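Remarks on the structure that follows.
What's counted below: heavy atoms across the whole structure, side chains too, no hydrogens, waters or symmetry copies. Quantities reported herein were computed from a predicted structural model and do not represent experimental measurements.
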Amino acid sequence: MKDSALSFQELQVFHTYDLLILLRLVREERSKSYNLMRTVQKAPEGAEIDKSVIEFGESEYRLYTARMKLIEGLLVDRIGYKPKRVDDKLLAALKQRIESN
């Protein structure tokens, strides 16, 4: 996931196809972070949960949310919208379009 930590300028040179793959990965990591946060929040009362675990989950979620929004912004500039879902069908269609040009 080191590519997700790149700056705006560095991400701008990525091909649209690569940005879509990166967006899919960032969204997956964001979901994992969110699920971790929710699991910790739903822990039974009296459960000993280290504060650093809670802070880590929240900071990861915020980080992946910011990265997701940055990548989505780049995609909006390029293709005019942010995809609701980046699935294999979308990637295959884009790859087909790229190869036919």
Side-chain angles (χ1 to χ4, degrees):
M1 285 305 300
K2 68 178 173 82
D3 286 342
S4 69
L6 295 174
S7 71
F8 178 79
Q9 290 77 17
E10 292 169 313
L11 288 171
Q12 275 185 308
V13 300
F14 274 47
H15 191 279
T16 303
Y17 184 86
D18 295 327
L19 283 175
L20 286 167
I21 291 173
L22 187 58
L23 178 61
R24 179 162 70 173
L25 294 172
V26 168
R27 284 178 174 175
E28 287 172 6
E29 290 301 316
R30 180 176 179 261
S31 292
K32 288 178 190 174
S33 297
Y34 179 79
N35 291 334
L36 174 65
M37 275 188 346
R38 294 297 298 151
T39 300
V40 169
Q41 289 171 350
K42 290 180 179 181
E45 260 188 64
E48 295 282 329
I49 300 171
D50 190 57
K51 187 175 181 178
S52 65
V53 171
I54 296 169
E55 290 171 353
F56 176 75
E58 291 171 351
S59 70
E60 287 291 292
Y61 179 75
R62 283 191 301 273
L63 170 78
Y64 285 119
T65 299
R67 300 312 298 173
M68 180 187 75
K69 291 186 181 297
L70 175 66
I71 297 166
E72 287 175 346
L74 284 167
L75 288 168
V76 167
D77 289 345
R78 290 194 190 174
I79 61 176
Y81 68 99
K82 66 178 179 187
K84 289 186 182 199
R85 182 180 1 191
V86 181
D87 55 14
D88 292 338
K89 183 179 176 184
L90 173 68
L91 293 172
L94 181 58
K95 187 173 184 178
Q96 178 72 30
R97 221 176 314 146
I98 291 167
E99 291 173 350
S100 67
N101 286 340

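Of all the heavy atoms in Val86 and Leu90, the pair that sits closest is CA-CD2, 4.1 Å. Pairing each heavy atom of Gly57 with each of Ser33, the nearest pair is O-CB, 4.2 Å.
Partner Leu20 forms a side-chain contact (heavy atoms from CB on, under 4.5 Å) with one of Leu25, Leu94, Ile71 and no other, that one being Leu94.
Atoms CG and CD, on Leu74 and Gln12 in that order, are 6.0 Å from each other to the nearest 0.5 Å. Atoms CZ and CG, on Arg24 and Asp87 in that order, are 7.5 Å from each other to the nearest 0.5 Å. The distance from the OG1 atom of Thr39 to the OH atom of Tyr34 is 10.0 Å, given to the nearest 0.5 Å. Put simply, CZ on Phe14 and CD1 on Ile21 are 10.5 Å apart, with the number rounded to the nearest 0.5 Å. Distance check: Leu36 CG to Tyr61 OH gives 12.5 Å after rounding to the nearest 0.5 Å. The CG atom of Leu6 sits 7.0 Å away from the CZ atom of Arg67 when rounded to the nearest 0.5 Å.
Under a 4.0 Å N-O distance rule, the pair Glu29/Lys32 qualifies as a salt bridge. In summary, Lys95 and Asp88 do not engage in a salt bridge, as defined by a charged side-chain N under 4.0 Å from a carboxylate O.
Taking hydrophobic clusters as Ile, Leu, Val, Met, Phe, Trp and Tyr residues chained together by side-chain heavy-atom distances below 4.5 Å, Leu91 shares a cluster with Ile79. The same ILVMFWY cluster, assembled from side-chain heavy atoms under 4.5 Å apart, contains both Leu23 and Leu70. Linking ILVMFWY residues whenever their side-chain heavy atoms come closer than 4.5 Å, directly or via other members, places Met68 and Phe8 in the same cluster. The hydrophobic clustering, which links ILVMFWY residues whose side-chain heavy atoms are closer than 4.5 Å, places Tyr81 and Leu75 together.
Between His15 and Ile98, some side-chain heavy-atom pair lies under the 4.5 Å cut-off. With a 4.5 Å cut-off on side-chain heavy atoms, Glu72 and Arg27 count as touching.
Legend: residues meeting side chain to side chain donor-acceptor pair (under 3.5 Å) with Thr16, ordered by chain and number and at least two apart, are Arg78.
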